[in-house]
*Asks:* 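Please read through the structure below; I'll follow up with questions.
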Amino acid sequence: MTHRILFVCLGNICRSPTAEAVTRAKAQARGLDLIIDSAGTGDWHIGKPPYGPMQAAAKAKGYDLTSLRARQVSGADFGSFDLIVVMDDDNAAALSAIGPTDRVRRFTDYAPEAGLAYVPDPYYTRDFDGTLALIET
Ligand code: 4NP
């Protein structure tokens with residue numbers, strides 16, 4: 001059974017920590033016992049909390065990101081998680097260099113109604129509310 005889920009983006013300060021917090025809240029509300037974490041393929045923000053504007057957008061919708069800290073994904077994560085959910089194809093490509101691809105899925109595969117092949121990076125688009133809405137979908 002899939003009960004350990006890792007969300008992965010580039011920096012681990014915008015998309016994946018938001019996916020972690022939203023999924024944790026929704027799992028809790030449904031009484032699902034899931035292990036949920038997030039990580040980035042890059043190393044620039046290791047140890048840092050989620051990006052301020054992303055935290056603010058999440059807080060406005062009731063999600064508290066303050067306790068999260070960025071970390072870099074590693075090969076060991078492939079043994080620790082049943083499902084690794086990436087935000088875009090660059091994330092998937094980076095993961096394919098460090099582990100098997102069989103348990104890696106795109107986040108947007110779970111939101112077909114959005115009609116997107118990836119979760120746009122709000123660090124660049126600045127659309128933090130849009131990112132949050134897509135992740136909630
Ligand atoms: P994320 O966004 O991958 O959604 O956390 C980014 C945050 C920071 C950077 C890139 C993406 N950066 O290059 O610093």
Side-chain angles (χ1 to χ4, degrees):
M1 201 189 96
T2 297
H3 68 110
R4 303 173 299 176
I5 305 171
L6 179 68
F7 295 103
V8 170
C9 63
L10 177 58
N12 195 210
I13 58 169
C14 291
R15 293 165 295 172
S16 64
T18 302
E20 176 185 350
V22 169
T23 306
R24 184 172 288 129
K26 292 188 181 297
Q28 237 160 27
R30 287 164 177 72
L32 296 173
D33 186 19
L34 299 178
I35 291 169
I36 300 164
D37 196 6
S38 67
T41 60
D43 63 1
W44 312 285
H45 303 289
I46 292 172
K48 303 257 181 64
Y51 192 46
M54 189 73 254
Q55 284 206 45
K59 189 177 177 191
K61 297 283 183 177
Y63 305 103
D64 181 7
L65 272 51
T66 54
S67 67
L68 303 180
R69 294 293 178 270
R71 72 175 181 87
Q72 190 173 26
V73 69
S74 78
D77 286 313
F78 286 82
S80 305
F81 293 92
D82 307 304
L83 181 64
I84 300 178
V85 183
V86 298
M87 300 296 151
D88 59 41
D89 286 348
D90 288 342
N91 308 151
L95 285 181
S96 69
I98 60 168
T101 56
D102 59 329
R103 67 187 61 185
V104 178
R105 298 286 182 275
R106 281 183 187 162
F107 191 93
T108 47
D109 289 348
Y110 300 97
E113 60 270 54
L116 291 172
Y118 62 93
V119 179
D121 192 339
Y123 195 73
Y124 301 110
T125 68
R126 313 308 292 177
D127 183 9
F128 298 95
D129 291 337
T131 295
L132 181 65
L134 175 58
I135 287 172
E136 285 187 298
T137 300

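Sequence positions, counted from 1, serve as the residue numbers for this chain. In each ligand, atom 1 is the first atom listed, and ligand 1 is the first ligand listed.
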*Asks:* If two hydrophobic side chains count as joined below 4.5 Å and joins carry through other members, does I135 share a cluster with Y123?
*Replies:*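 The answer is yes; both residues are in one hydrophobic cluster.
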
*Asks:* Measure the distance from atom 14 (O) of ligand 1 to every protein heavy atom, then report the residue, atom name and distance (to 0.1 Å) of the closest one.
*Replies:*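 For this ligand atom, the closest protein heavy atom is H45 NE2, 2.7 Å.
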
*Asks:* Side chains of I13 and M54, heavy atoms from C-beta outward: is any pair under 4.5 Å?
*Replies:*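 No - every pair of side-chain heavy atoms lies 4.5 Å or more apart.
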
*Asks:* List ligand 1 atoms under 4.0 Å from G11, heavy atoms only on the residue side.
*Replies:*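 So the answer, numbered in order with elements, is 1 (P), 3 (O), 5 (O).
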
*Asks:* Would you say OH of Y118 has more than 12 non-hydrogen atoms from neighbouring residues, nucleotides or ligands within 6.0 angstrom?
*Replies:*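 Result for OH/Y118: open.
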
*Asks:* Is the closest N or O pair between P122 and ligand 1 shorter than 3.5 Å?
*Replies:*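 In this structure, P122 places no N or O atom under 3.5 Å from an N or O of ligand 1.
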
*Asks:* Please report the closest heavy-atom contact between Q55 and P50, naming both atoms and the distance.
*Replies:* NE2-O, 3.0 Å

*Asks:* What's the shortest distance from atom 13 (O) of ligand 1 to any protein heavy atom, and which residue and atom give it?
*Replies:*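 Here the nearest protein heavy atom works out to Y124 OH, 3.2 Å.
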
*Asks:* Any side-chain heavy-atom pair from Y51 and H45 closer than 4.5 angstrom?
*Replies:* no

*Asks:* Just to be sure I read this right, does ligand 1 sit under 4.0 Å from the backbone of D121, its side chain, both, or neither, counting only heavy atoms?
*Replies:*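 Contact part for D121 vs ligand 1: side chain (C-beta onward).
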
*Asks:* Does the residue Y51 have a heavy-atom contact with ligand 1, meaning some pair of atoms that are separated by less than 4.0 Å?
*Replies:*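 False for this residue.
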
*Asks:* With nothing but distance in play, are any N or O atoms of I13 less than 3.5 Å from an N or O of ligand 1?
*Replies:* yes

*Asks:* Would you kindly confirm whether L83 and V86 end up in one hydrophobic cluster when ILVMFWY residues are joined by side chain heavy atoms under 4.5 Å apart?
*Replies:* no

*Asks:* If you measure every N or O of R15 against every N or O of ligand 1, does any of those distances drop under 3.5 Å?
*Replies:*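 Such a contact does occur with ligand 1.
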
